[in-house]
Structure formats: structure tokens, C-alpha cells
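Read through the structure below, which is laid out as C-alpha cells, and then see the notes.
In what follows, chains are A, B, ... by sequence order, proteins preceding strands, each numbered from 1.
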Amino acid sequence: MILSRLELPVWAIRWLKHIPVAILTALIAQELLLSDGTFSIADNILKLWAALPTFLVAIFTRSLLSTVLTGVISMMILRMLF
Amino acid sequence: MEQERLHFKSRTIHQNEEGFLQGVKDCVPTLLGYLSIGFAAGVVQKTAGLSMAEITLMCLLLYAGSGQFIAAGMIAASNPISAIIVTIFFINLRHILMSAALAPYFRHLSPWKNMLVGAQLTDETFGVAINHLSDKDRASFKWMIGLNLTAYLNWLLGNLAGGLLGNWIPNPEAFGLDFALSGMFIGLLIMQFLSQKKYFVDVMVAMSAIAVVVAVSFISSGSAGIIIATIIASTIGMVIEKWR
């Protein structure tokens, strides 16, 4: 509300442009690398495997719906197997 | 002449202004995510002992995925209300950054309209909006309301379904439902990557964000990592862009 009133300098706009990638990566890193706030690959190994097809589908289909479905189904299959 | 051109420009913008229904349509890809995460949240809240009315109020007033999961967990562990509020406040501080990133597109709206847009912003509607607006110079209020309202109602719907059916599904994780959130973030990130086409800078920003999140997790167990990582990684991106 306040920020939209201000005329921002160029560097600030450049900085803001990087926020989406930064914030989304940070959220993904928190989901896939941390469990209960501490870093652990072993605790998250199934999630990391499920992330692989999810990333591939996202890159090749560019569809949010297919991406989410792939992630959920991969996770379900992985949990059934391990 | 100048005036004429300005007039023409404002008219074309007006014609291209997208309506409420387009916003609803643009929200559709995220609906499965909202429903499945909402469903999981509903189950968790129900198990934490919240009534259906309480779950409804949490959705309408708090309207935060991570916030509701945490609130449910903390209520179950009988934490004081002040601790719950402070925790959720810090986890959702990222909304300042998201609103700041969207603000340039909403300059033309009144403060009250912007407050409405900002208050309903979520990770997902932010992701959809920032991708959608990347080739435009201003956002349509009706489009944004369509997007936000669809997300809001679906979140409520998912929570209620989870709360009602929670008793029959003791373990939503077995169906991979807990991965819906990660899946949605991954999708939004890749869309962002592909639309910006600045792969080198984006990869550097992403790597820095991961490194900072992991580094912060060794120092503090709170959720400050997201904010710190976002600020540091965006700054690195800005510096790389300037220096190249």
C-alpha cells in the first residue's frame, strides 16, 4: 500500500526483480533440505527423489497443474515402495 | 500531440485490461495445490482439536498455509497465544518482500484497493501474478481480485473437506499430499526461470538462496532463513547484473 506510492530508484527495481527466484528457491530448499528446521539429506531423501520428475515435468510441460500432480503421484509411489 | 499520444496510450491500456473471469481462469492451475494442501491442513487442524467453525475462521482470518499448520501444531502442544502469533508473524514476513515486488504494477490503484490486493496475497497467487505481469507494466484490479478470491475460496474448501474427512484419512502423507506444496513452488520457480530467460543470474540467485537457507539452519532453528536467504540472494543477483 505504501510501497506502491513511491517512485523507486533503478537499483531497487533490479533488486526486487530477483525476489521471486530467491524466495521460491528458499521455500523449496526449506521444504526439501530441512526437516524440523535442521539440515538433513537422509531425512529428506524421498522428497528429493520426488523433486526430480517434478522439476523435469515443470521444465518440459511448463504446466503448473501437471507439475503438482507429478510431484504428488511420485511421492505417493515412493512412499508405497520404501 | 503529446497529449493525443497519452490519451491513445491510456485507451489501449484500458482495452487490454483483463477481467475478473480471466483472473479466475489463471488461478485454475494452482487449485489442485490449494485443495490438497488445504485438505492436509484441515486434517492436521482437526487432529489438533479444532472445531469446524474454528477451522473456517482460521482460513478466513489467518489464511496462511504454513501459518495454519504451525498454529495447529502449537495449539496441540499448548503453546501460549503470544508465541503462536510471533512465530506466524516471522514466518509470513516474506509477504513484505512479495508485496514490494508486486507494488510497481499496482501504483495506479487507490490505497484501499491495494490493501485488499495485498492482504489476500499468497505464495501461489504471488507466483502466478509475477509471471503473468512480467510482460506488462500494470496490473488489472479485477483480474487480481479474480485470482485472489478463487484461491481464497478454494483454500477454505480444501480445509473444510480435510476437516470433515480427516477422521477417515489418518495419514495424508501416504497419498503424497504433503508434497503438493513443494510441487507448486517448483512449478512456479521453473515458470519464473523460463519467462525471465536470464539463466546465469537466476541460477546464481537460486544457489545463493539454497546456501543461505542451509547455513542459517545451522545457526537458528527458526524460520528466519527464508527472509535472510531472499534478501541476500536478491542482493547477489543485483550485484551480478550490475557487474556483468
Side-chain angles (χ1 to χ4, degrees), chain A residues 1-8 10-40 46-47 50-51 54-80, chain B residues 28-30 32-33 36 94 97-101 103-104 106-107 109 111 114-115 118 123 127 130 173-194 201-202 205-206 209-210 212-214 217-218 221-222 225-226 229-230 233-235 237-238 241-242:
Chain A
M1 187 163 111
I2 297 157
L3 285 162
S4 63
R5 301 279 112 187
L6 303 169
E7 199 65 52
L8 292 167
V10 178
W11 66 264
I13 291 171
R14 276 216 195 105
W15 186 75
L16 290 175
K17 282 218 162 107
H18 292 294
I19 285 184
V21 167
I23 210 165
L24 287 166
T25 316
L27 287 165
I28 294 168
Q30 184 185 257
E31 290 283 327
L32 299 184
L33 297 173
L34 308 185
S35 63
D36 293 326
T38 43
F39 175 69
S40 166
L46 285 185
K47 282 186 181 176
T54 312
F55 267 108
L56 291 176
V57 167
I59 292 165
F60 290 110
T61 67
R62 301 186 175 204
S63 148
L64 203 52
L65 190 64
S66 324
T67 307
V68 174
L69 272 175
T70 307
V72 168
I73 293 168
S74 315
M75 195 73 232
M76 190 171 85
I77 294 169
L78 282 165
R79 288 243 168 81
M80 264 157 39
Chain B
V28 169
T30 65
L32 185 79
S36 50
R94 64 177 188 280
L97 299 175
M98 295 197 289
S99 302
F106 289 92
R107 250 169 234 290
L109 297 181
N114 273 335
M115 202 167 87
D123 294 322
I130 201 91
E173 291 194 352
F175 298 94
L177 285 173
D178 58 321
F179 199 76
L181 189 68
S182 309
M184 191 141 57
F185 290 149
I186 290 171
L188 290 170
L189 176 70
I190 295 299
M191 310 290 134
Q192 190 63 30
F193 254 88
L194 297 174
V201 187
D202 281 351
V205 170
I210 296 170
V212 176
V213 165
V214 172
S217 78
F218 287 112
S221 59
I226 302 284
T230 305
S234 305
T235 310
M238 183 186 77
E241 227 178 12
K242 204 173 175 184

Discussion item. Less than 4.5 Å to any heavy atom of chain A: does that hold for the side chain of B:Ile130, its backbone, both, or neither?
Written reply: side chain

Worksheet, complete the sentence: When A:Thr25, A:Thr67, A:Leu27 are each screened for side-chain contact (heavy atoms from CB on, under 4.5 Å) with B:Leu189, the one that passes is A:Thr25

Practice prompt. Kindly indicate, with the supporting measurements, whether the criterion side chain to side chain contact (heavy atoms under 4.5 Å, CB included) is fulfilled by B:Met238 and A:Lys17.
Written response: CA-CA 9 Å; B:Met238 183 186 77; A:Lys17 282 218 162 107; over 6 Å; no

Fill in: Under 4.5 Å from a heavy atom of chain B, the part of A:Ile19 involved
both

Response to the item:
Note: vs chain B, highest number of non-hydrogen pairs under 4.5 angstrom among A:Leu34, A:Ile13, A:Val57 is A:Leu34

Discussion item. If you apply the rule side chain to side chain contact (heavy atoms under 4.5 Å, CB included), what do you find for B:Val213 with B:Ser217, and how did you get there?
Written reply: CA-CA 6 Å; B:Val213 165; B:Ser217 78; 5.7 Å; no

Worksheet item: What part of A:Ser74 gets closer than 4.5 Å to chain B, counting heavy atoms only: side chain, backbone, both or neither?
Response: neither

Discussion item. Is A:Leu33 close to chain B through its backbone or its side chain, or both, or neither, when contacts mean heavy atoms under 4.5 Å?
Written reply: side chain

Item to complete: Rounded to the nearest 0.5 Å, what's the gap from CD1 on B:Ile186 to CG on A:Leu56? Could you check?
Response: 10.5 Å

Worksheet item: Do any N or O atoms from the side chain of B:Asn114 and from the backbone of B:Phe106 form a donor-acceptor pair under 3.5 angstrom?
Response: yes

Discussion item. Need one label for A:Ala51: side chain, backbone, both or neither, based on atoms under 4.5 Å from any heavy atom in chain B.
Written reply: both

Worksheet entry | Max heavy-atom pair count under 4.5 Å with chain A, selected residue of B:Leu194, B:Asp202, B:Ile210 | B:Leu194

Fill in: B:Ala209 to B:Ala233 - nearest heavy-atom pair and separation
N-CB, 3.8 Å

Worksheet, complete the sentence: Under 4.5 Å to a heavy atom of chain A? For B:Val201 that would be side chain

Discussion item. Donor-acceptor pair, distance only, cut-off 3.5 Å: does the side chain of B:Thr30 make one with the backbone of B:Gly33?
Written reply: no

Worksheet item: What's the spacing between A:Leu16 CG and B:Ser99 OG if we round to 0.5 Å?
Response: 11.0 Å

Item to complete: Select, from B:Val214, B:Ile190, B:Val212, the one with the greatest count of heavy-atom pairs under 4.5 Å involving chain A.
Response: B:Ile190

Discussion item. Just so I understand: if I count every heavy-atom pair under 4.5 Å between each of A:Ala50, A:Ala29, A:Pro20 and chain B, which residue has the most?
Written reply: A:Pro20

Worksheet entry | Under 4.5 Å from a heavy atom of chain B, the part of A:Leu32 involved | side chain

Worksheet entry | Pick from B:Ser36, B:Ala229, B:Ala101 with the largest number of heavy-atom pairs that fall under 4.5 Å of chain A | B:Ala101

